[in-house]
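Just so it is clear: chains get the letters A, B, ... in the order the sequence lines come, proteins before strands, and each one is counted from 1. These numbers come from a predicted model, not from an experiment.
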Number of protein chains: 2
Amino acid sequence: MGLAKTALYTKEQNELALIAKAFGHPARVAILQYLFKIERCVCGDLVNEIGLAQPTISQHLKELKHLGLIKGNIEGTRVCYCIDPENWKNMKSIMKDFLDQDIPNPDCC
Amino acid sequence: MGLAKTALYTKEQNELALIAKAFGHPARVAILQYLFKIERCVCGDLVNEIGLAQPTISQHLKELKHLGLIKGNIEGTRVCYCIDPENWKNMKSIMKDFLDQDIPNPDCC
DNA sequence: TTGTTTTATTGCAATATTACGATAAATGCT
DNA sequence: AGCATTTATCGTAATATTGCAATAAAACAA
């Protein structure tokens, strides 16, 4: 069906899945890594940096922005994107809680 | 097009995206959390635990197994699934490297 | 052997995602 | 005003994902 039955899961499970989905495409990983790498805010050079068309990049940026991981400031005709530090921190703590769970029986299988 | 242009990205970016994709569905998050929660290996009660049909659960398990995050041992007619500790550790380190990057200019936007 | 239980596979329908051309919107420049 | 630059949105085509009924496969039980 292609439709996730969100009602079956806890709020936390749905939230984690939404976050992970954002990282589930290499273009969005590349965008975030570029925003981490450069010294200043990036404006439109993501299109040159990654080999995708401008509307495609814009769409990926929209998703990341919608999730709150990045924010964009309009500067003339350009838009300056960067990581949202506060939201990144929150996301990180959710992800880490999930990743750091103790494995119950390492020798069970 | 619905097709990720993997050639555009680094090996690391593609790998991270593949891992994240596994967590990008609440059913798989729920499966993993259940495997973490229970004391012993789970056999077939995931279908009861999560409210999805048996073929659907089986498909999600297949994806997690393919990625190496879980392993399954055949025990009679049943299959015992559990987290793969070694692969989980490796995956965790990849994810954490990504999450722990330093944010360059917190006040840039 | 026959039936039961459990899991995997197949086939298909419904929905989601990805990518991009065309175009719009907003700003700056001359 | 007219034109260039940059980004967002719309529309659409191609592919991927999700979910399940039906069925197969494998092991056990009587």
Side-chain angles (χ1 to χ4, degrees), chain A residues 1-9 13-14 17-32 34-35 40-67 70-82 109, chain B residues 1-9 13-14 17-31 34-35 41-67 70-82 109:
Chain A
M1 280 230 255
L3 174 76
K5 298 182 155 183
T6 50
L8 290 178
Y9 315 103
Q13 287 163 347
N14 284 315
L18 277 180
I19 293 169
K21 212 183 247 180
F23 301 145
H25 194 288
R28 289 190 290 270
V29 174
I31 287 172
L32 290 166
Y34 188 69
L35 291 180
R40 303 169 305 104
C41 277
V42 76
C43 295
D45 28 33
L46 277 166
V47 177
N48 301 318
E49 187 67 16
I50 306 169
L52 290 174
Q54 179 268 324
T56 310
I57 296 288
S58 188
Q59 199 173 319
H60 284 304
L61 286 168
K62 191 180 175 182
E63 285 178 63
L64 292 171
K65 196 176 162 188
H66 183 73
L67 206 68
I70 63 173
K71 50 185 177 176
N73 256 34
I74 298 172
E75 291 181 356
T77 51
R78 301 169 164 241
V79 180
C80 169
Y81 283 104
C82 59
C109 289
Chain B
M1 281 232 253
L3 174 76
K5 297 182 157 183
T6 51
L8 289 178
Y9 314 103
Q13 287 163 347
N14 283 314
L18 277 180
I19 294 168
K21 213 183 244 180
F23 302 143
H25 194 287
R28 290 190 291 269
V29 173
I31 288 173
Y34 187 69
L35 291 180
C41 277
V42 77
C43 293
D45 28 34
L46 278 166
V47 176
N48 301 320
E49 187 67 17
I50 305 170
L52 290 174
Q54 180 269 323
T56 309
I57 296 288
S58 188
Q59 197 173 322
H60 284 304
L61 286 169
K62 192 179 174 183
E63 284 177 64
L64 292 171
K65 197 175 162 190
H66 183 72
L67 205 69
I70 64 173
K71 50 186 177 178
N73 256 35
I74 298 172
E75 290 181 357
T77 51
R78 299 169 165 244
V79 180
C80 169
Y81 283 104
C82 60
C109 290

Counting just side-chain N and O atoms, does [X] come under 4.0 Å of either OP1 or OP2 of [N]?
| X | N | result |
| --- | --- | --- |
| B:Ser58 | C:dT7 | no |
| A:His25 | D:dA16 | no |
| A:Lys21 | C:dT17 | yes |

Can you tell which of [options] lies closest to the side chain of [X]?
| X | options | value |
| --- | --- | --- |
| A:Arg78 | C:dA19, C:dT17, D:dT7 | D:dT7 |
| B:Gln54 | D:dT17, C:dA8, C:dA19 | C:dA8 |
| B:Ala53 | D:dC20, D:dT7, C:dT9 | D:dC20 |
| B:Lys62 | D:dT17, C:dT9, D:dG19 | C:dT9 |
| B:Val79 | C:dT5, C:dT7, C:dC20 | C:dT7 |

Test item: A:Val42 and A:Tyr34 side chains (from C-beta on) under 4.5 Å apart, heavy atoms: yes

Let me know the distance between [atom1] of [X] and [atom2] of [N], rounded to the nearest Å.
| X | N | atom1 | atom2 | answer |
| --- | --- | --- | --- | --- |
| B:Leu46 | C:dT7 | CG | P | 9 Å |
| A:Asn48 | D:dT7 | CG | C1' | 14 Å |
| B:His60 | C:dT7 | NE2 | P | 16 Å |
| A:Leu61 | C:dA19 | CG | P | 13 Å |
| A:Ile50 | C:dC20 | CD1 | P | 12 Å |
| B:Asn73 | D:dA27 | CG | P | 14 Å |
| A:Tyr81 | D:dT6 | OH | P | 15 Å |
| B:Lys71 | C:dT7 | NZ | P | 19 Å |

Determine the contact category for [X]: base if any of its heavy atoms lies under 4.0 Å from a base atom, sugar-phosphate if only primed atoms, P, OP1 or OP2 are that close, otherwise nothing.
| X | result |
| --- | --- |
| A:Lys65 | nothing |
| B:Leu52 | sugar-phosphate |
| A:Ile57 | nothing |

Whether B:His60 and B:His25 hold their rings parallel, tilted or perpendicular, with breakpoints at 30° and 60°: tilted

Value rounded to 0.5 Å, distance of CG in A:Leu46 from CG in A:Leu52: 10.0 Å

Distance, nearest 0.5 Å, that separates CD1 of B:Ile70 from CG of B:Leu35: 6.0 Å

Residues that B:Glu63 engages under side-chain hydrogen bond (donor to acceptor under 3.5 Å, both in side chains), provided they are two or more places apart: B:Arg28

Polar pair under 3.5 Å, donor/acceptor by atom type, side chain B:Gln59, base C:dA8: no

Residue closer to the 5' end of DNA chain D, B:Ala27 versus B:Gly76 (nearest nucleotide): B:Ala27

Residue mapping more 5' on DNA chain D - nearest nucleotide basis, B:Glu63 or B:Pro55: B:Glu63

Nearest heavy atoms of B:Val29 and A:Gln13, plus distance in Å: CG1-CG, 3.9 Å

5′-ward residue of the pair A:Thr77/A:Gly24 relative to DNA chain C: A:Gly24

